[in-house]
Amino acid sequence: MCGALRASDAGKKAVLMGWVNRRRDLGNLIFVDLRDRTGVTQVVMNAERDPAIHKKSEALRNEYVIAVIGMVKLRDAGNVNQHISTGEVELVAEELRILNESKLPPFLPGDTALANEETRLKYRYIDLRREAMQFNIELRHKVAKAIRDYLSDQGFFEIETPFMTRSTPEGARDYLVPSRVQPGTFYALPQSPQLFKQILMISGFDKYFQIVRCFRDEDLRADRQPEFTQIDLEMSYPQPERVWEVVEGFLTAAFAAAGCEIKAPFPRMGYDEAIRLYGIDKPDLRLPAFTDVRECFAPENLQELAINPNLPVIAVRTPKVGELSRKERDDIKPMFHSKGGAKIFEDFKRIGNKFPAAAAAIAKKTGMEEGDLIVLVAGSSQSGSSQSGSSQSGSAQTGSAQSGSAQAGPQTALPKHRKVTPQELAIYASAGLLRLALAQKYAERHLIFKKTGDAAKDFRFLWVTNFPMFEWDEGDKRWNAAHHPFTSPHEEDMSKLESGVESLNDPHSALGAVRALAYDVVLNGTELGSGSIRIHRQDVQSRIFRALGMTDEEARARFGFFLEALEYGTPPHGGIALGLDRIVMILAGAESLREVIPFPKTARAVDLMVDAPTPVSEAQLKELGIAVRKARE
RNA sequence: GGGGACGUAGUUCAGUUGGUUAGAACGCUGCCCUGUCACGGCAGAGGUCGCGAGUUCGAGUCUCGUCGUCCCCGCCA
């Protein structure tokens, strides 16, 4: 291969096949850099030594595919190329065959400047020839193989589940596949193999995994494609800790395959604590946590600043930003998106002028150093006065949630946990988004996101645990399943489900205090995967459906087969699913999933290379019994 | 569904307040060149300024619409 030859091969005869990466024509001497996925080797054609070959090589152009037979020759000391692995040798061509010519490509794999995304995607086969893409795809292969090997060694069976399955209205929008045999009916592509893997537990395959494509018809993001690959696994009789152990095991193996030595076990943090410390359920531990600096202000200070004293005052510290210009400081405010009456104080200096004692206390409490940026987020007193009443009822409901509170995280210095109230959540969440936006904006200055080469610092894993079972949907004015409806609630919170349908539309319902046996694995602020211990009893499952406002009839209509299966001796079980694409993306240091997926789709879910989706013929539609409505005018 | 950025040669980009013939680099074509490795030198070709309207004596530049790519919000159990 083109990346294989070394000084030790000097004198041997070699055959290389590959693409012409670059041609340097010095007249009677022509150099060709021959490329394949392993690397580049320099081939020499000398007019003096072999006029016929030299003549032939004059016709070579970029991206021609050629075969060269030649002698491996050690280069003179002055001609060694330090930049490539084969730089000590070159191949002296003795026979040259042009296997295929190439039209002039729209861009060259060896170009230093990257073509724009549209061109790259249309000519994906050329883009994929680039070294960076070859690296990413190889990395993906190695990671997947390491995971497969690890899980297989741990006694997991890789079992396939159907792609053509049943539409379930829960969760994301389904991709539908029409049935020809039964016109008017549709299969759905799986959003995940969730129910199948649970059925496999009921079927006695007590350790299952699959590296499997999933499909969700939702709008795309840099880290979201409509089809993506999950590492899906499920096991019988596990405690959550057992699932975590397996995940930590295969991630350690996967990262090792990528040359990164990560440390397990990962730290753990309760959902409430994550919100309180980071304002988000997937904290990026590389950045400093919040500091609640409410106590640093005297009560009259808070009044003067129109801050609600009943809500936290969050100091967001962004390290090593340096002195900000007037414009830079003005730019902070538009980055802040207030939720529920949260307000921002972006000018810490002004706070310092007005309240020197408070500012000094804040600087001390946050561990502020020279050049650090401090921005405060607090509740405004206007909205606060009307909210303090509801915040009362909020803390009342949380009293019951106190038992068995979240596990202590790695860097908590917080008082005994209460549950976060919706008003507090608004402050935390606003501050959390600002924290990330600021860190992103000043990434070039604090360099926290820059890889150090030390895997323990570069890859900050975290388990977030004890998620709430239900989420309040402000739009629909109802509670929804936060994870999915097959997640088991905490044993102690079971009683709170009793109220059922009546409390479904009450934002202060006890449903808000039900904790789930659900957990997320987070890496550098990205949610890698999500899992839970499942409900294994039909009666509990029915209660959850009822709590979600589903009648028994509705539940049976949607999940009847599953509810029935639960009644035939279902073992306790649980599992998790991780996004393979995201893992590889982070390992590759890529900004977008498109860099680690060979044939990705654009933001409008189009494949620019094959030009999909397309309309289909009238005949195809007819056969499927489908009529397409004309596009709206 | 909403917000933002971008769209000029094959590619990456520049293009001043609206003003003569729209530029550079790389790539491409031809010629020269025996130690290059982002080779070098000379010459040359290459443009519907995404598309469509409008304002104007005059539009790459201003306005509106439209299409495409990217990012974000909503959405993603």
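A, B, ... follow the sequence lines: proteins, then strands. Residue 1 opens every chain. Not measured: the values here are computed from a predicted model.
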As its Watson-Crick or G-U partner within any shown strand, both distances under 3.5 Å, B:G40 has B:C32
Considering the options A:T86, A:V32, A:L16, which one meets the side-chain contact (heavy atoms from CB on, under 4.5 Å) requirement together with A:L91? A:L16
In whole Å, what is the span from the NZ atom of A:K122 to the C1' atom of B:G10? 12 Å
Residues in side-chain hydrogen bond (donor to acceptor under 3.5 Å, both in side chains) with A:R22, at least two apart? none
Rounded distance in Å - CD (A:Q42) to C1' (B:U34): 13 Å
Using whole Å, report how far CD of A:Q82 lies from C1' of B:U36. 15 Å
Using a cut-off of 4.0 Å on non-hydrogen atoms, how would the nucleic acid contact of A:A47 be classed: base, sugar-phosphate, or nothing? nothing
Anything under 30° is parallel, anything over 60° is perpendicular, the rest tilted; go ahead and classify A:Y271 against A:F467. tilted
Would you please indicate if the ring centroids of A:F228 and A:F215 are separated by under 6.0 Å? no
Check salt bridge (charged side-chain N to carboxylate O under 4.0 Å, His left out) between A:E131 and all other residues, then give those that pass, not counting sequence neighbours. none
Base versus backbone protein contacts along nucleotides 66-71 of chain B [heavy-atom cut-off under 4.0 Å; B, S, -]: --SSSS
Checking N1-N3 plus N6-O4 or O6-N4 for Watson-Crick, or N1-O2 and O6-N3 for wobble, each under 3.5 Å, the partner of B:G68 is B:C6
Does the pair A:R130/A:D111 count as a salt bridge with the N-to-O cut at 4.0 Å? no
Nearest-Å distance, CZ (A:F107) to C1' (B:U11)? 9 Å
Separation of A:D174 atom CG from B:C76 atom C1', in whole Å? 12 Å
Quick one: look up who B:U16 pairs with, Watson-Crick or G-U, both distances under 3.5 Å, and put none if it's unpaired. none
Rounded distance in Å - CD (A:Q225) to C1' (B:C75): 16 Å
According to the Watson-Crick and G-U wobble definitions, with both distances under 3.5 Å, which nucleotide is paired to B:A59? none
Contacts of A:N21 that satisfy side-chain hydrogen bond (donor to acceptor under 3.5 Å, both in side chains) - sequence neighbours left out: A:R35
In the 5'-to-3' direction, what one-character label does each nucleotide of nucleotides 25-33 of chain B receive under the scheme B = base within less than 4.0 Å of a protein heavy atom, S = sugar-phosphate only, - = no such atom? --SSSS--B
Measuring only the P atom in each nucleotide, how far is B:G41 from B:G35? A whole number of Å is fine. 16 Å
Consider only side-chain N and O atoms of A:Y208 and A:Q210, and report whether a donor and an acceptor are under 3.5 Å apart. yes
In whole angstroms, how far is the C1' atom of B:U36 from the CD atom of A:E48? 16 Å
Classify A:P485 by what it touches in the nucleic acid, base, sugar-phosphate, or nothing, heavy-atom distance under 4.0 Å. base
Distance-only donor-acceptor test, A:R224 side-chain atoms vs B:C76 base atoms, 3.5 Å: yes
Salt bridge between A:E328 and A:R445, side-chain N to carboxylate O under 4.0 Å? yes
Between B:G74 and A:D219, counting only base atoms on the nucleotide and side-chain atoms on the residue, is there a donor-acceptor pair under 3.5 Å? yes
Sorted by first residue and then second, give each salt bridge (Lys or Arg N to Asp or Glu O under 4.0 Å) pair with at least one member in residues 594-609 of chain A; sequence neighbours left out. A:E117-A:R594, A:R120-A:E595, A:E227-A:K601
